There are 2 protein chains.
Amino acid sequence: MDAKNQAKYEARAKIIKAMAHPTRLFIVDELARSGRRCVCELTEMVGVDMSTVSRHLAMLKNAGIVEDEKRGAQVYYSLRVQCVLDFFECVESVMKCNLKDQQKLLVS
Amino acid sequence: MDAKNQAKYEARAKIIKAMAHPTRLFIVDELARSGRRCVCELTEMVGVDMSTVSRHLAMLKNAGIVEDEKRGAQVYYSLRVQCVLDFFECVESVMKCNLKDQQKLLVS
DNA sequence: TGTATATTTGGCTAAACTAACAAATGATGG
DNA sequence: CCATCATTTGTTAGTTTAGCCAAATATACA
């Protein structure tokens, strides 16, 4: 793999990596469901320190997955690209496929 | 987030994490393009030790993204689920979106 | 102005993770 | 038996990072 390709796949991996954490997945899922949430709301839902949630959101923003909008004292986050939901769909089908194979093993 | 949800998002994250590496992304891309590749072919393309490639493939297999088939001395890998290509498509559109925003910053 | 709330950031620690190579082990084919 | 292909083990070194606390910043409201 040459340097150019290396850089290309590193850039892609960076974006995917931003999704590869349970808390951030939850946040993305919640934003997809509700459209928009402020940090304090997400903090309560997730149940960790607000500074931690803020960091997770900064990662998602840095990757270009979410965007923020200041409204008074609150900062509201929302999805910047809708297609991230395809991620979930695909992950679900992989999991279903894994489950099916495990059942096959049990039967035989 | 309760324990049940925690487990749910951890399982999802595990699958996404398996894709969050440039070499593994390259491999998935290559398998999507060519349909099937043995370890030795991939090793030459990637340009790292064969044992390293084998490990990457084991991770992808463990996540349920690829499957293997033994043919004589070689082991051929192929995609188990086609929808992973949606990942790429989405990542591309996120990157395009990022680029567009950067250009806006330059103009203003 | 002063206080409370919301958010980000710096500092820090512990920990997990992981990629990579080398070497040993297994399996297959000639 | 030897060569090739592949996996596994051991190891190292490096990165990463998630989490909390505390400090800094920003806004709203009394």
Side-chain angles (χ1 to χ4, degrees), chain A residues 1 3 5-7 9-28 30-31 34 36-63 65-78, chain B residues 1 3 5-7 9-28 30-31 34 36-63 65-78:
Chain A
M1 192 159 38
N5 258 339
Q6 181 71 25
Y9 287 106
E10 268 174 18
R12 287 179 169 186
K14 195 189 138 198
I15 294 175
I16 296 180
K17 216 170 179 180
M19 305 263 298
H21 187 278
T23 298
R24 293 197 288 275
L25 276 184
F26 170 82
I27 290 174
V28 170
E30 175 57 30
L31 293 183
S34 61
R36 182 168 50 217
R37 287 285 187 202
C38 67
V39 184
C40 55
E41 287 171 327
L42 292 170
T43 297
E44 198 180 351
M45 291 180 193
V46 175
V48 296
D49 199 274
M50 181 181 275
S51 66
T52 302
V53 173
S54 181
R55 283 231 158 96
H56 281 307
L57 287 166
M59 282 188 216
L60 288 171
K61 184 185 167 188
N62 183 259
I65 295 168
V66 303
E67 58 193 358
D68 60 344
E69 183 194 356
K70 190 147 195 169
R71 290 207 172 189
Q74 284 109 330
V75 178
Y76 280 85
Y77 283 85
S78 56
Chain B
M1 193 157 39
N5 258 339
Q6 181 71 26
Y9 287 106
E10 267 174 19
R12 288 178 169 188
K14 194 188 139 200
I15 294 175
I16 297 180
K17 218 170 177 178
M19 306 262 298
H21 188 278
T23 298
R24 293 196 289 275
L25 276 184
F26 170 83
I27 290 174
V28 171
E30 175 57 30
L31 293 183
S34 61
R36 182 167 50 217
R37 288 285 186 202
C38 67
V39 183
C40 55
E41 287 172 325
L42 292 171
T43 296
E44 198 180 352
M45 291 181 193
V46 176
V48 295
D49 199 274
M50 181 181 275
S51 67
T52 302
V53 173
S54 181
R55 276 227 166 117
H56 282 308
L57 287 167
M59 281 189 217
L60 288 171
K61 185 185 168 189
N62 184 259
I65 296 169
V66 303
E67 57 191 1
D68 59 343
E69 182 195 356
K70 189 148 198 170
R71 290 208 172 188
Q74 284 109 328
V75 178
Y76 280 86
Y77 282 85
S78 55

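Every chain is numbered from 1 and lettered A, B, ... according to where its sequence line falls, protein lines coming before strand lines. Since we're looking at a predicted model, the values are computed, not measured.
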- Intermediate values then yes/no, side chain to side chain contact (heavy atoms under 4.5 Å, CB included), V66(A) and L31(A): CA-CA 9 Å; V66(A) 303; L31(A) 293 183; 3.9 Å; yes

- Query: Atom CD of E69(A) to atom P of dA6(C): distance rounded to whole Å?
  - Reply: 18 Å

Atom pairs, protein N/O to nucleotides 24-30 of chain C N/O, distance under 3.5 Å:
none

- Item | Shortest non-hydrogen contact between I15(B) and A63(B), atoms and distance | CG1-O, 3.9 Å

- Message: Regarding Y76(A), tell me which of base, sugar-phosphate or nothing describes its non-hydrogen contacts under 4.0 Å with the strands shown.
- Response: nothing

- Query: In whole angstroms, how far is the C1' atom of dT7(D) from the CG atom of N62(B)?
  - Reply: 15 Å

- Note on the structure: Between I65(A) and A18(A), the two heavy atoms sitting closest are CD1-CB, 4.0 Å

- Taking every non-hydrogen atom, the tightest pair across D49(B) and T43(B): C-CG2, 4.3 Å

- Query: Near DNA chain C, which residues from residues 45-56 of chain B have a heavy atom under 4.0 Å away?
  - Reply: V48(B), D49(B), S51(B), T52(B), R55(B), H56(B)

- Query: Where does the angle between the aromatic ring planes of H56(A) and H21(A) fall among parallel (under 30°), tilted (30 to 60°) and perpendicular (over 60°)?
  - Reply: tilted

- Message: Quick check: on DNA chain D, is the nucleotide nearest A58(B) upstream (toward 5') of the one nearest H21(A), or the reverse? Name the residue that is more 5'.
- Response: A58(B)

- Message: Using side-chain heavy atoms (C-beta onward) and a distance below 4.5 Å, is E30(B) in contact with V46(B)?
- Response: no

- Message: Between the opening five pairs and the closing five pairs of the helix from dT18(C)-dA13(D) to dG30(C)-dC1(D), how far apart are the helix axes, to 10°?
- Response: 10°

- Taking the side chain as every heavy atom from C-beta outward, state whether E41(B) and Y76(B) have any pair of such atoms under 4.5 Å apart. yes

- Of the candidates dT7(D), dT7(C), dA19(C), the side chain of V39(B) sits closest to dT7(D)

- What integer distance in Å separates Q6(B):CD from dG19(D):C1'? 13 Å

- Nearest-Å distance for atom pair CD/C1', residues E10(B) and dA18(D): 13 Å

- Message: Under 4.0 Å, heavy atoms only, any strand: does K17(B) hit a base, just the sugar-phosphate, or nothing?
- Response: sugar-phosphate

- In terms of heavy-atom contacts, A13(B) and A20(A) come closest through CB-C, 4.2 Å

- Kindly give the heavy-atom pair with the smallest separation between R24(A) and K17(A), and that separation in Å. NH2-O, 3.6 Å

- When you look at Y77(B) and V39(B), which way does the side chain to side chain contact (heavy atoms under 4.5 Å, CB included) test go after all the steps? CA-CA 8 Å; Y77(B) 282 85; V39(B) 183; 3.7 Å; yes

- Message: Measure CD/Q74(B) against P/dT4(D) and give the value in whole Å, please.
- Response: 12 Å

- Query: What closest approach, in Å, do M19(B) and L25(B) show between heavy atoms, and which atom pair accounts for it?
  - Reply: O-CG, 3.3 Å

- Message: Can you measure L60(B) atom CG to dT18(C) atom C1' for me and round it to whole angstrom units?
- Response: 14 Å

- Separation of atom CE in M19(B) from atom C1' in dT18(C), rounded to whole Å: 18 Å

- Task: Could you give me the CA-CA distance, side-chain angles and deciding distance for N62(A) and K14(A), then say whether side chain to side chain contact (heavy atoms under 4.5 Å, CB included) is met?
- Result: CA-CA 10 Å; N62(A) 183 259; K14(A) 195 189 138 198; 3.4 Å; yes

- Between atom OH in Y77(A) and atom P in dA6(C), what is the gap in whole Å? 15 Å

